[in-house]
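For the numbers below, each heavy atom of this structure counts, side chains included, while hydrogens, waters and symmetry mates do not. Naming: A, B, ... by sequence-line order, numbering from 1 per chain.
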Protein chains: 2
Amino acid sequence: MATIKDVAKLANVAPSTVSRVIANNPRISDKTKVRVREAMGELGYHPNFIARSLANKSTEAIGLVIPSSADKAFQNPFFPEIIRGISKGVHQKHYSLQMSTGETEDEIFEGVMQMVEGKRVDGIILLYSRVDDKLTGYLKRKKFPFVIVGKPFKDIEEITHVDNDNYRAAKEVTEHLIYLGHEQIAFVGGNLNFVVTIDRLLGYEKAIRNANLVYRDEYIVHEEFLKEGGQEAVKELFSLKEPPTALVVADDLMALGVLNMLDTMGINVPNDVSVVSFNNVMLSEVSRPPLTTVDINIFQLGYEAAKNMIQIIEEPLEPMKRIIVPYRIVERQSCIEYVKEHLQSV
Amino acid sequence: MATIKDVAKLANVAPSTVSRVIANNPRISDKTKVRVREAMGELGYHPNFIARSLANKSTEAIGLVIPSSADKAFQNPFFPEIIRGISKGVHQKHYSLQMSTGETEDEIFEGVMQMVEGKRVDGIILLYSRVDDKLTGYLKRKKFPFVIVGKPFKDIEEITHVDNDNYRAAKEVTEHLIYLGHEQIAFVGGNLNFVVTIDRLLGYEKAIRNANLVYRDEYIVHEEFLKEGGQEAVKELFSLKEPPTALVVADDLMALGVLNMLDTMGINVPNDVSVVSFNNVMLSEVSRPPLTTVDINIFQLGYEAAKNMIQIIEEPLEPMKRIIVPYRIVERQSCIEYVKEHLQSV
DNA sequence: TTGTAAGCGTTATCAC
DNA sequence: GTGATAACGCTTACAA
C-alpha cells in the first residue's frame with residue numbers, strides 16, 4: 001500500500017507537502033498540488049485513517065448506543081429508522097458510525113467504556129434515556145461529548161438532547177379522545193424506567209385531570225413489549241368492571257399487540273374501543289384498522305442528534321442545547337366518537 | 001490521559017514491559033505484572049486503540065454494509081435482528097462494529113471505499129446479495145476480507161457466505177400448499193435483483209413443475225415493498241380471470257401488506273386464500289391471521305456471519321466456506337386446505 | 001525476564 | 001511555498 005512518503009518521493013516533494021495537499025492547504029501552489037495529486041492517482045494512494053487519527057487525536061467516528069438487544073424492543077422499526085437519520089447526518093460530515101449493543105446493561109456499559117477509553121470515537125449518541133442511567137453519569141464524569149435522543153432524567157439543563165414534546169403530544173392525543181366523547185381512557189405504557197414513558201403518562205394524566213375525568217390507577221398499565229405485553233394489558237383492562245372505551249398506547253408495536261388481543265377477544269376497534277398510539281412507524285398504516293398515531297419524526301430525531309453531536313465535537317465551547325422535533329397526529333381509523341348507548345358489536 | 005509511558009515510569013519498568021503486560025505475555029514475571037497492573041489502576045490507564053491499531057495494522061473492527069436506506073425495505077425488522085446476531089458474534093471476539101449506509105448505491109460504495117482504503121476495518125459483512133453487485137467485485141479485486149449474508153450471484157465457490165437453503169425452503173413451502181389441495185398458487189416476490197428473490201422463485205417453480213401444475217407467468221409478481229407493493233400485487237393477481245387460491249410471499253412484511261389489501265378487498269385469509277411467507281419476523285405472530293412462515297433464523301445468520309468474518313481475518317489461509325443455516329416452517333393460521341367447491345365467504 | 005530503539009503513517013511546528 | 005523533524009501511543013525485533 002502506498003503511503004504518504006511514496007507519494008512524496010514520486011512527486012518530488014516532502015511528505016509534509018503531500019499532507020498539506022490532502023488537507024487542501026491554501027499555501028501550496030496550484031502547480032505542486034496538481035503534481036502531487038497526479039502522483040496520488042498513479043499510486044492509488046488513500047490516506048490511512050488510523051494514522052491520521054493518531055496524529056490528530058480525532059477519529060471522526062461517533063458511537064451509537066442501542067438499548068439492550070436482549071428484549072424484543074430492539075426489533076422495533078424505530079431503530080432502523082432513527083439509524084437512517086443518524087447515518088445521514090453523520091455521512092454528511094464524513095464521520096463514520098460505530099455501533100455498540102449488548103445483551104445486558106453491563107455489557108452495554110462495557111462496550112461504551114471500550115469506545116471512550118480506547119478513544120475509538122469522538123462522541124456518543126445514546127438512543128434512549130432511562131431513569132438513573134449509569135451511562136449518562138459516566139459520560140458526564142468523563143466529560144466525554146454525548147447527546148441523548150430523548151429527555152435526560154436529570155441534569156436536563158446540562159445535557160444536549162433531542163426529543164419530542166412527549167408530554168404535550170400525549171396530552172393532545174388524550175384530549176382528542178376526550179373530545180370524541182370518551183371518558184374511560186386507559187394508558188398502556190412501556191417500562192416506567194424509560195423517561196419517554198413517564199412523559200407520555202404525565203401528558204395523559206394532565207389531560208384527564210383537566211377534563212375533570214377520574215384518574216384511575218387501574219387504567220394505567222405498564223407492560224413489557226408487544227405480544228405478551230399487549231395481551232396482558234388488554235386482559236387486565238378488559239376484565240375490569242368498567243373497561244375503558246379508549247386506549248392511549250405508548251408505542252405502535254405495542255398497539256399492534258393490543259389490536260391483536262382485542263381482536264381475539266372479539267372486541268372491535270374502533271367501534272367498541274378507540275386506540276391511539278405513538279411513533280407512526282411504517283406498520284401503523286398496515287394494521288387492521290390502520291392506527292391513529294402521533295408521528296414523532298423518527299428520522300429527523302436521528303438526523304438532529306447526529307448533527308448536534310458533531311457540532312459539539314467540533315466546537316466544544318458551544319453551550320448545551322435542547323432540540324425539540326415537532327410531532328404531528330396522523331388520524332387513521334382506530335378512533336371514533338364514543339356513543340353512550342352504542343351497541344356492542346357482536 | 002495516562003499513556004503507556006506514564007505507567008512505565010510509575011512502575012519503574014520500560015514501556016515495552018507495560019505493553020507486554022497488557023498482552024499478558026508469559027515471559028513477564030508475575031511480580032512485575034502485578035506491579036504494572038497496580039500502576040495502571042492507579043493512573044486509570046486504558047490502552048489507546050488507535051495507537052495500537054497503527055502499530056498492529058489491525059483495527060479489530062468490522063464493517064457492516066446495509067442496503068440502500070432510501071427504500072422502506074430498510075425498516076424491515078430483519079435488520080435489527082441480524083444486527084443483534086452479528087453484534088453478538090463480534091463482541092464475543094472483542095471486535096467492534098462499524099456501520100455504513102447510504103441513500104444511493106454510489107453513496108454506499110463510497111462508504112465502503114472509505115472503510116477499506118482508509119483501513120478503518122479489517123473485514124466487511126455484506127447484508128445482502130444483489131445481481132452484479134459492484135461491491136462484491138471491488139472487494140474481490142482488492143482481496144479484502146468479506147463475507148456475504150445470502151448467496152453470491154457469481155464466484156460462489158470463492159466467496160465465504162452464510163445463507164439459508166432458500167430454494168429448498170420455497171419448494172417445501174409451495175409443496176405444502178399443493179399438499180393442501182391448492183393448484184393455483186401465485187408467487188409474490190421482491191426485487192429480482194436480489195439473489196434471495198431468485199432462489200425463492202426457483203424453488204416455487206420447481207414445486208409447481210414437479211406437481212405438474214401449470215406454471216403461469218401471470219402468477220408471478222415482483223413488487224417494491226410493503227404497502228404499495230402488497231397492494232399492487234394483490235390487485236393484479238385478483239383481477240385475473242382465475243385468481244390464485246394461495247400465495248407464496250417472499251417476505252413477512254410484504255405479506256402484511258398483502259393481508260391488508262386482501263382484507264380491504266373483502267377476501268378472507270385463510271378461507272378464500274392461503275398465504276405463506278418468509279422470515280418469521282416477530283410481526284408475523286401478531287398479524288391477523290398470524291402468518292404461516294418459514295423461520296430463517298435471522299439471528300443465527302448474523303452470528304455465523306460475524307464469527308466466520310473474524311475467522312477469515314485471523315486465519316487468512318482458511319479456505320472459503322459456505323454456511324447453511326437451517327430453516328423451519330412455522331405453521332400458524334394463514335393456510336388451510338383448499339376445498340374445490342368452497343363458498344366464497346361474503 | 002526486561003530494556004532499547006525503530007517503526008506504524010500521519011500531522012504540526014518550526015525553520016528557511 | 002516548502003522542507004526537516006518531532007510528535008501521536010503503541011508494538012516488536014533485537015540486545016542484554
Side-chain angles (χ1 to χ4, degrees), chain A residues 1-37 39-40 43-61 94 96 114-122 314, chain B residues 1-40 43-61 94 114-122 314:
Chain A
M1 279 280 95
T3 77
I4 217 174
K5 287 183 187 170
D6 302 322
V7 177
K9 216 160 283 172
L10 184 60
N12 257 312
V13 293
S16 45
T17 302
V18 177
S19 175
R20 288 182 184 111
V21 173
I22 294 170
N24 205 8
N25 187 319
R27 294 131 70 113
I28 299 290
S29 74
D30 286 354
K31 237 202 255 176
T32 56
K33 271 189 188 169
V34 170
R35 197 145 42 91
V36 169
R37 294 221 172 93
M40 300 201 306
L43 296 174
Y45 168 81
H46 284 265
N48 180 317
F49 229 86
I50 301 292
R52 172 183 293 206
S53 291
L54 184 57
N56 259 350
K57 289 163 161 321
S58 120
T59 61
E60 302 198 359
H94 304 284
S96 68
Q114 299 253 339
M115 285 184 170
V116 173
E117 310 285 359
K119 284 169 192 37
R120 286 155 106 108
V121 298
D122 296 339
E314 299 188 340
Chain B
M1 280 281 94
T3 78
I4 217 173
K5 287 184 186 168
D6 302 322
V7 177
K9 216 161 281 171
L10 183 60
N12 257 314
V13 294
S16 48
T17 303
V18 177
S19 174
R20 289 183 184 110
V21 172
I22 294 171
N24 204 9
N25 187 319
R27 294 131 70 114
I28 299 289
S29 75
D30 286 354
K31 238 202 259 176
T32 55
K33 269 188 188 169
V34 171
R35 198 144 43 89
V36 169
R37 295 220 173 93
E38 272 172 2
M40 299 201 306
L43 295 174
Y45 169 81
H46 284 265
N48 180 318
F49 228 86
I50 301 292
R52 172 184 294 205
S53 290
L54 184 57
N56 261 349
K57 289 164 163 318
S58 121
T59 61
E60 303 197 359
H94 303 284
Q114 299 254 338
M115 286 183 168
V116 173
E117 310 285 359
K119 286 174 191 35
R120 287 157 107 110
V121 299
D122 296 340
E314 299 189 339

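Checking the phosphate oxygens (OP1, OP2) of C:dG3, a side-chain nitrogen or oxygen of B:T17 falls inside 4.0 Å. For D:dC10, the OP1/OP2 oxygens have no side-chain nitrogen or oxygen of B:S19 closer than 4.0 Å.
Backbone-only contact: A:V13 has heavy atoms under 4.0 Å from sugar-phosphate atoms and none from a base. When heavy atoms are screened at a 4.0 angstrom cut-off, A:T32 is found touching the sugar-phosphate backbone but no base atom. The residue B:N25 sits apart from the nucleic acid: no heavy atom pair falls under 4.0 Å.
Checked by atom type and distance alone, the side chain of A:S58 never pairs as donor or acceptor with a backbone atom of A:S53 at under 3.5 Å.
One finds the CZ atom of A:R120 at 9.0 Å from the CZ atom of B:R52 (value rounded to the nearest 0.5 Å). Interatomic distance, A:D6 CG to A:M40 CE, rounded to the nearest 0.5 Å: 13.0 Å.
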Give every donor-acceptor pair under 3.5 Å between a side-chain atom in residues 8-21 of chain A and any protein atom, sequence neighbours left out.
none

Only distances under 3.5 Å count here; give the side-chain donor-acceptor pairs of residues 43-51 of chain A to other protein atoms, sequence neighbours excluded, each with its distance to 0.1 Å.
unit_1, atom_1, unit_2, atom_2, d
A:N48, OD1, A:I50, N, 2.8
A:N48, OD1, A:A51, N, 3.0

In a table with atom names and distances, give each donor-acceptor pair under 3.5 Å that connects a side chain of residues 25-32 of chain A to protein atoms at least two apart or in another chain.
unit_1, atom_1, unit_2, atom_2, d
A:N25, OD1, A:R27, N, 2.8
A:S29, OG, A:T32, N, 3.3
A:S29, OG, A:T32, OG1, 3.1
A:T32, OG1, A:S29, O, 3.0

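B:D30 places its CG atom 9 Å from the P atom of C:dT1, with the value rounded to the nearest Å. Taking atom CZ of residue B:F49 and atom C1' of nucleotide C:dC8, one finds them 16 Å apart after rounding to whole Å. The nearest whole Å value for the distance from the CG atom in B:N24 to the P atom in C:dT2 is 13 Å. Between the CZ atom of B:R120 and the P atom of C:dC8 there is a distance of 22 Å, given to the nearest Å.
Partners of B:E314 by side chain to side chain contact (heavy atoms under 4.5 Å, CB included), not counting sequence neighbours, listed by chain and number: B:Y95, B:I310. Looking at residues two or more places apart in sequence or on another chain, you find a side chain to side chain donor-acceptor pair (under 3.5 Å) between A:T59 and A:D122. Residues passing the salt bridge (Lys or Arg N to Asp or Glu O under 4.0 Å) test with A:E117, sequence neighbours excluded: A:K142. For A:K33, the side chain to side chain donor-acceptor pair (under 3.5 Å) test picks out A:N24, with sequence neighbours left out.
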Kindly give the atom pairs (protein nitrogen or oxygen, nucleotide nitrogen or oxygen) under 3.5 Å for nucleotides 7-9 of chain D.
unit_1, atom_1, unit_2, atom_2, d
D:dC8, O3', A:K57, NZ, 3.3
D:dC8, O2, A:A55, N, 3.3
D:dG9, OP1, A:K57, NZ, 2.7
D:dG9, N2, B:A51, O, 3.4

Using nucleotides 13-16 of chain C, report all nitrogen or oxygen pairs with the protein that are shorter than 3.5 Å.
unit_1, atom_1, unit_2, atom_2, d
C:dT13, O4, A:R20, NH2, 3.2

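Each end of the helix from C:dT1-D:dA16 to C:dC16-D:dG1 gets its own axis from five base pairs, and the two axes differ in direction by 40°, given to 10 degrees.
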